[in-house]
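Predicted model only: the values in this text are computed from it and were never measured.
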Amino acid sequence: MQTDLWSDRGAAYFGIRHHGPGSARRLVEALDALRPTAVLIEGPSDLTPLLPMLASEAMVPPVALLAYPADDPGAASFWPFAVFSPEYQAARWAVAAGVPVRFIDLPVAWRHAPAEPGEADAGAEPDEASAGDEAVPDAAVDEAERDPIGLLARAAGYEDGESFWRDVIEENPEPGEIFEAVADAMTALRGDGPPPDRFEARREAHMRLEIASAVKASDGPVAVVCGAWHVPALRTRHAARDDRALLKGAPRRRIAATWAPWTSPRLAVASGYGAGVVAPGWCRHLWESPRGEIATRWLARTAWALRSAGHLVSTASLIEAERLAVALSALRGKPQPGFEELREATVACLMGGQTALWSTIADPLLVGTEVGSIPDDVPLAPLLDDLARQQKTARLKPEALDRELSLDLRSESGLFRSTLLHRLDALGVGWGEPQDPGRSRGTFRERWVLRWEPEHAVALVENLVYGPTIEKAAAGRLAAQMGEAHDLGRLAELVFQAMTAQLPDASARGIALIGERAGVTGDGLEMLTALPPLADVVRYGKARATATDQLAALFDKIAVQAALALGYAVRNLDAEAAAAMRAAVEAADGAVRLLGSDALADWNAALATVSASAAASRLVAGLATRLLYESEAMSSEDAVAHVARMLSPGTPIADAAAYFAGFFEGAGQRLLFDADLRACVDGWLTALEAEAFTAHLPLFRRVFGRLDRTERRRLMAVLFGTGGPGLRGLRPATDAETRWPAHLAMLTALLKKGAPDGR
């Protein structure tokens with residue numbers, strides 16, 4: 001260990017990059033060499049009792065230390081730790097070595113004190129994020145202070161700060177020399193910049209006092225692990241009385257704290273955490289891979305991701321990609337390939353130069369899907385505290401028995417209760433089960449059945465990754481689900497869920513994603529399935545005086561796109577695909593007509609095209625004809641002509657049966673009121689040969705089974721009179737009936753039995 005790391009106070013300073021795997025590796029090496037008698041880590045000093053928990057076998061990163069004012073959980077702050085975080089490795093080293101470990105930064109209460117004039121927001125520190133807003137730090141905060149090593153990396157021509165650390169800093173074989181070089185670089189950066197604001201000055205004053213106290217109490221070296229930016233200020237001599245003067249008037253506020261499970265996506269910058277890790281997956285890879293195998297293992301992971309997505313990747317292409325990455329690093333004067341070289345080699349050799357293909361696997365590779373876990377003996381989670389307060393406000397007692405609850409959303413208490421239950425539902429906490437949710441959409445009434453189960457508390461703790469309050473956690477979870485959803489229908493359902501839970505930010509995010517997705521999709525079925533939930537969102541917004549103009553316009557746009565794609569989407573479908581398309585078209589038709597969409601004319605034109613198309617699925621063509629007929633966009637005469645043509649003797653029996661099912665399934669009551677249509681169907685059924693009739697009995701039973709008991713009785717009366725299967729003068733018996741009277745007997749039995757459940 002180099003002696004120039006030491007101050008005359010007996011402390012060794014290790015300036016690290018927060019969440020930097022290279023920093024973590026070199027830090028562990030340095031601690032092994034130094035063997036300190038105490039380890040001090042940058043972090044809230046009043047949370048030190050929770051720090052040793054990091055070494056628990058049940059603590060699986062990523063996790064976050066969570067602290068919040070006891071009277072205001074919404075103002076919580078998180079301190080995330082990944083397995084590659086230097087602070088995490090330092091805490092584990094200290095516990096394993098049996099030496100004291102503690103935090104030395106300002107207590108949490110300072111972060112919730114009113115800001116003084118000219119003082120920066122206390123939540124802008126790079127290793128912390130406010131759970132209240134999780135906003136990216138203010139642009140005015142100096143980039144060098146937020147990520148000084150990243151700034152040095154970009155100045156040296158590196159896109160990735162970790163590759164810079166590995167190439168430029170880790171190449172030095174002595175850990176002591178590495179951290180001394182980092183300290184010198186930070187001293188130069190700070191010398192050219194403005195002095196710290198009052199809050200940062202207080203932080204560094206507090207750390208200096210804590211370091212001095214620890215050195216005085218220790219009989220050996222003390223290791224100080226802090227952000228590299230702070231090292232020059234902590235090593236510089238300051239009078240203790242001046243530091244204490246800065247800390248006068250310390251705020252007094254009761255703080256609650258706990259550990260919370262975290263996720264890799266929440267570590268990433270893209271999640272909104274301003275001091276996050278740009279690529280947690282890459283950082284974890286650097287931490288876990290042996291030094292000489294980083295490129296090889298990364299390309300193997302890339303190949304696995306591509307193959308999992310259905311793409312072919314040969315071993316020869318992987319070898320060529322690694323050679324190209326090595327060549328690129330040599331051309332750029334780098335000792336080994338970094339992330340940017342590996343990415344460029346991957347696109348060139350494994351993806352044929354298609355950068356769009358890289359974007360499909362980038363998130364799984366660079367961000368990852370890891371979810372942390374915490375020990376069972378952690379303190380009570382803030383979500384449970386928040387729920388208890390809201391249950392008291394709503395006057396809803398958690399009970400183990402079913403309890404019915406009827407809500408009027410026009411009352412303040414009814415809306416509050418509904419919002420709470422919907423937010424819990426968005427978190428996967430099924431305390432309340434909605435009854436007839438489809439009927440209540442667009443109305444002011446809701447019915448629920450409440451039943452509290454012990455596992456609901458567990459589910460709330462698991463949702464701490466999304467926020468410290470019910471509202472923020474529900475919004476965070478829905479936003480995460482929206483980011484993972486690639487189907488318009490699913491996105492629309494999530495937007496509806498966000499609106500019912502009164503989460504405007506999540507709703508706005510979902511609407512924006514729907515617009516983006518609608519602009520690039522050409523999948524007709526996807527667009528069709530999106531229309532019903534979108535219609536529900538528009539209806540719900542109108543019923544609650546919510547501005548839905550943007551969403552209504554988006555609905556019209558998707559409806560027009562779906563209409564244009566419909567004629568091609570219904571061709572060459574197998575039985576399963578045809579059934580799915582039929583259900584989607586019927587539901588979309590209901591949505592378009594329910595809203596009185598401006599796209600109605602385009603929609604009717606698309607249905608007419610499908611109805612007349614010889615290439616369209618017969619099942620869907622039958623439905624299209626019936627939808628036009630029911631909406632009076634097609635006259636009864638034209639509808640009968642269409643049906644007669646499709647049920648004519650020249651049409652194959654299978655096609656005719658599919659058309660029959662498409663037209664009548666769910667709408668068999670049309671046979672009651674349209675004599676010409678009834679005669680057309682009657683003639684086709686009685687003209688079928690016995691074998692064909694028997695083969696299609698399940699289809700006939702399904703169609704007629706959709707009629708209720710009264711409708712079946714009325715149809716029998718129209719067909720056979722009131723006394724049985726005889727025709728009773730309605731029409732003379734046909735040759736087919738005379739040839740095979742069982743037709744009538746079997747049809748009568750179908751109408752009597754109805755649906756498969758015997759209704």
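For the atom pair E526 CD and Q561 CD, the distance stands at 10.5 Å (nearest 0.5 Å). For the atom pair CG (L513) and CG (L494), the distance works out to 9.5 Å, reported to the nearest 0.5 Å. Between S617 atom OG and N572 atom CG the span is 10.0 Å, to the nearest 0.5 Å. Rounding to the nearest 0.5 Å gives a distance of 12.5 Å between CD of E576 and CE of M581. Note that NZ of K557 is 11.0 Å distant from CE of M527, once rounded to the nearest 0.5 Å. Summarising the geometry, atom CG belonging to L566 is positioned 12.0 Å from atom CG belonging to D602; distances are rounded to the nearest 0.5 Å.
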M351 and H311: CA distance, side-chain angles, deciding distance, side-chain contact (heavy atoms from CB on, under 4.5 Å) verdict: CA-CA 9 Å; M351 302 177 178; H311 302 288; over 6 Å; no

May I have the step-by-step check of side-chain contact (heavy atoms from CB on, under 4.5 Å) for L409 and R445, ending in yes or no? CA-CA 6 Å; L409 303 184; R445 299 274 179 189; over 6 Å; no

Going through the checks in order, is the side-chain contact (heavy atoms from CB on, under 4.5 Å) test met by E630 and R593? CA-CA 11 Å; E630 289 182 335; R593 300 189 192 283; over 6 Å; no

Begin with the C-alpha distance, continue with both residues' side-chain angles, and end with the deciding distance and a verdict on side-chain contact (heavy atoms from CB on, under 4.5 Å) for R626 and E586. CA-CA 10 Å; R626 191 250 293 174; E586 187 169 25; 3.2 Å; yes

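Looking at heavy atoms from C-beta onward, N463 lies in side-chain contact with L383 at the 4.5 angstrom threshold. Contact annotation: the side chain of L357 approaches that of L306 to within less than 4.5 Å [non-hydrogen atoms, C-beta and beyond]. Counting heavy atoms from C-beta outward, Q390 and L396 have side chains that stay 4.5 Å or more apart. Side-chain contact between Q435 and E446: absent, with no pair of heavy atoms (C-beta onward) separated by less than 4.5 Å. The shortest side-chain heavy-atom distance between D425 and T500 does not fall under the 4.5 Å cut-off. Side-chain contact between L421 and L405 is present, with at least one heavy-atom pair separated by less than 4.5 Å. Residues L619 and L623 have side chains not in contact (no heavy-atom distance under 4.5 Å, counting atoms from C-beta outward). The shortest side-chain heavy-atom distance between L607 and D589 falls under the 4.5 Å cut-off.
Here R447 does not pair with E433 in a salt bridge; the nearest charged N to carboxylate O distance is not below 4.0 Å.
Side chain of R451 to backbone of G432: no donor-acceptor contact under 3.5 angstrom is found. In this structure, S507 contributes its side chain and L503 its backbone to a donor-acceptor pair below 3.5 Å. Put simply, the side chain of T625 gets close to the backbone of A621: a donor and an acceptor are under 3.5 Å apart. S613 places no side-chain N or O within 3.5 Å of a backbone atom of T609 that could act as its donor or acceptor partner. One N or O on the side chain of R423 and one on the backbone of A501 form a donor-acceptor pair closer than 3.5 Å. Listed for the R307 side chain is no donor-acceptor partner under 3.5 Å among the backbone atoms of A305. No side-chain donor-acceptor contact under 3.5 Å links S418 to the backbone of G414.
When all heavy atoms are compared, the tightest approach of M634 to S611 is CE-OG, 4.2 Å. Closest heavy-atom contact between A588 and L531: CB-CD1, 3.8 Å. Minimum interatomic distance between A569 and L573 (heavy atoms only, all atoms of both residues): O-CD2, 3.6 Å. Scanning both residues, W603 and V585, for their nearest heavy atoms gives CZ2-O, 3.8 Å. Residues E404 and V449 approach most closely at CG-CG2, 4.1 Å, considering heavy atoms. Annotation for A479 and R509: closest pair O-NE, 3.3 Å, computed over non-hydrogen atoms.
The only member of L478, L387, L460 that meets side chain to side chain contact (heavy atoms under 4.5 Å, CB included) when paired with L427 is L460.
In summary, the side chains of Q502 and T419 do not present any donor paired with an acceptor at a separation below 3.5 Å, with no hydrogens or angles considered. Side-chain atoms of S411 and D408 form no donor-acceptor pair, as typed in the model, at a separation below 3.5 Å.
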